[in-house]
Undergrad: 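Supplied in structure tokens, the structure appears directly below.
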There are 2 protein chains.
Amino acid sequence: MPFEQLQLKNQLCHRLYMASNSIARAYREPLTAINLTYPQYVVMMALWEKDKITIAELIDKTAIDGGALTQILKKMTDKNLLEVIKDKHDKRKRLIKLTENGQALKLKAIDIPSKIRCKFNSIDAEQAQQLMSILDLVVKDLNKPE
Amino acid sequence: MPFEQLQLKNQLCHRLYMASNSIARAYREPLTAINLTYPQYVVMMALWEKDKITIAELIDKTAIDGGALTQILKKMTDKNLLEVIKDKHDKRKRLIKLTENGQALKLKAIDIPSKIRCKFNSIDAEQAQQLMSILDLVVKDLNKPE
DNA sequence: ATATTTTAATTTGCATGCAAAATATTTGCA
DNA sequence: TGCAAATATTTTGCATGCAAATTAAAATAT
């Protein structure tokens, strides 16, 4: 009987894997239209909320890996979306600042969430909220230090 | 008001992104112990359930990208976990077959699910089931052809 | 004041995820 | 029968995610 625990269809991790990949794939088309990858979009959302933050703050907000983030920020700098500026008071730190171009992109991204939401025909607002809540618990449980 | 839809904390996609990455990270330690990556573990689970299946069936079961799967199977062949055999009746197809070594690995993997489950202190069985159900709807909605 | 430790980022190496192009076969149809 | 269309996989190129090592600068301790 315990062997059934290894069945793929019973694995929460595999459901999450499929769901996460599926939704990232769903974003691909609208994001390609504005020349962003998904992680780049996450960075933009973080900065549209609060600009001029350090890399550490950006990592905290986006949960993107620091090593990957350095590369992502380079590409976004090349695309003239943002600037990476050395902090005058603490030279270890970098401040990320949107360019005008980067700020303006928000207008083009504004309707992406609703486009994605259109694809969820089987899920009502309550279920979506439930999902958010439980995922929040999952993330917290898994990231507890011990 | 609509601008708030772009807030990161309200994005289902970002919750899924974090949850999926967190859980994959949680598997890393026990899987490293038996020399598997997460996608490789998924392939093994699929094969422990049903051996001698084609690549297409494996893609269907695991939802792993075909291009990536080719590379993954190569590495798993090198590790003597499985064999890739040409189908005699249809030379386009390949059959994946576990080696004895690959079959035996199941015993070492058998307690991984419970180890992971231990980390979920805030989630009861009912919530886990709810999560599975809603994620299932998410995946189905997002993968509907149209 | 100087060595040690800590903190903030970057770099490196490996393993995917994914779209698009390329290969190899098999099917289906004129 | 012969060839175009459909299938099954592989290959290629790009963008992460992640752990570990490295670099640079600030904070602390003695």
Side-chain angles (χ1 to χ4, degrees), chain A residues 13-14 16-29 31-33 35-43 53-60 62-79 84-96 139 142-143, chain B residues 13-14 16-29 31-33 35-43 53-60 62-79 84-96 139 142-143:
Chain A
C13 59
H14 192 241
L16 275 171
Y17 169 89
M18 289 192 292
S20 179
N21 287 343
S22 295
I23 203 164
R25 212 158 33 232
Y27 272 90
R28 194 166 279 254
E29 185 191 313
L31 287 179
T32 300
N35 192 29
L36 288 179
T37 64
Y38 182 70
Q40 288 170 9
Y41 173 61
V42 172
V43 168
I53 59 180
T54 67
I55 305 257
E57 282 180 273
L58 200 49
I59 289 173
D60 186 57
T62 62
I64 294 174
D65 172 69
L69 192 54
T70 299
Q71 312 304 320
I72 292 170
L73 291 175
K74 253 181 211 160
K75 287 169 194 160
M76 295 177 79
T77 302
D78 292 344
K79 286 197 267 194
V84 181
I85 304 163
K86 280 188 186 170
D87 188 313
K88 286 171 187 171
H89 305 299
D90 187 337
K91 289 180 185 169
R92 291 172 305 182
K93 295 184 182 174
R94 303 275 185 284
L95 289 175
I96 312 301
V139 171
L142 291 175
N143 292 296
Chain B
C13 57
H14 192 240
L16 276 171
Y17 169 88
M18 290 191 292
S20 179
N21 288 343
S22 295
I23 203 164
R25 213 159 31 230
Y27 273 90
R28 194 164 278 252
E29 184 192 313
L31 287 179
T32 298
N35 192 26
L36 288 179
T37 66
Y38 182 71
Q40 288 169 10
Y41 172 62
V42 172
V43 168
I53 59 180
T54 67
I55 304 259
E57 282 180 274
L58 200 49
I59 289 173
D60 187 56
T62 63
I64 293 175
D65 172 70
L69 193 55
T70 299
Q71 312 306 319
I72 291 170
L73 291 176
K74 252 182 213 161
K75 288 168 195 163
M76 295 177 78
T77 302
D78 292 344
K79 286 197 268 195
V84 180
I85 303 163
K86 279 188 186 172
D87 187 314
K88 286 171 184 170
H89 306 297
D90 187 337
K91 290 180 186 170
R92 292 170 304 180
K93 296 183 182 175
R94 303 277 184 282
L95 289 175
I96 311 301
V139 172
L142 291 175
N143 292 297

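Below, chain A is the first sequence line, B the second, and so on; all start at residue 1. In this text, all values refer to a predicted model and were calculated from it rather than measured experimentally.
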Undergrad: Quick one: on DNA chain D, does B:D90 or A:Q71 contact a more 5' nucleotide (nearest heavy atom)?
TA: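 Residue closer to the 5' terminus by nearest nucleotide: B:D90.
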Undergrad: So for the helix from C:dA1-D:dT30 to C:dA30-D:dT1, with five pairs setting each end axis, what is the inter-axis angle to 10°?
TA: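 Answer for the end axes of this duplex: 0°.
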Undergrad: Look at the side chain of A:R92 and the base of C:dT7, then say whether one donor and one acceptor between them are separated by less than 3.5 Å.
TA: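 Looking at the base of C:dT7, it does pair with a donor or acceptor on the side chain of A:R92 (distance under 3.5 Å).
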Undergrad: For B:E29 and D:dC18, what is the distance between atoms CD and P respectively, to the nearest whole Å?
TA: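 Checked: the CD to P distance equals 16 Å.
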Undergrad: Looking only at atom types and distance, does a side-chain atom of B:E57 sit under 3.5 Å from a main-chain N or O of B:T54, one as donor and one as acceptor?
TA: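 Yes, B:E57 side chain to B:T54 backbone: donor-acceptor pair under 3.5 Å.
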Undergrad: Expressed in angstrom and rounded to an integer, what is the separation of A:I64 atom CD1 from D:dA15 atom P?
TA: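 About 15 Å, once rounded to whole Å.
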Undergrad: Would you say B:K74 places a side-chain N or O within less than 4.0 Å of OP1 or OP2 belonging to D:dT11?
TA: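 The answer is yes; a side-chain N or O of B:K74 sits under 4.0 Å from OP1 or OP2.
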Undergrad: Would you say a side-chain N or O of B:R25 is under 4.0 Å from OP1 or OP2 of D:dC18?
TA: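 Indeed, a polar side-chain atom of B:R25 lies that close.
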Undergrad: Using heavy-atom distances to pick each residue's nearest nucleotide on DNA chain C, tell me which of B:A63 and A:T54 is more 5'.
TA: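 Counting from the 5' end, the first nearest nucleotide belongs to A:T54.
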Undergrad: Phosphate oxygens OP1/OP2 of C:dG17: is one of them under 4.0 Å from a side-chain N or O of A:Y38?
TA: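 Looking at the OP1 and OP2 atoms of C:dG17, neither is under 4.0 Å from any side-chain N or O of A:Y38.
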Undergrad: With sequence neighbours left out, write down each residue that passes side-chain hydrogen bond (donor to acceptor under 3.5 Å, both in side chains) with A:R92, or none if nothing qualifies.
TA: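 side-chain hydrogen bond (donor to acceptor under 3.5 Å, both in side chains) list for A:R92, sorted by chain: A:D90.
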Undergrad: What is the ring orientation for A:Y41 with A:Y38, classed by angle as parallel under 30°, tilted 30 to 60°, or perpendicular over 60°?
TA: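 If you compare the ring of A:Y41 with that of A:Y38, the planes turn out tilted.
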Undergrad: Please confirm whether the shortest side-chain N or O distance from A:T37 to OP1 or OP2 of D:dT16 is below 4.0 Å.
TA: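 Checking D:dT16 against A:T37, a side-chain N or O does come within under 4.0 Å of OP1 or OP2.
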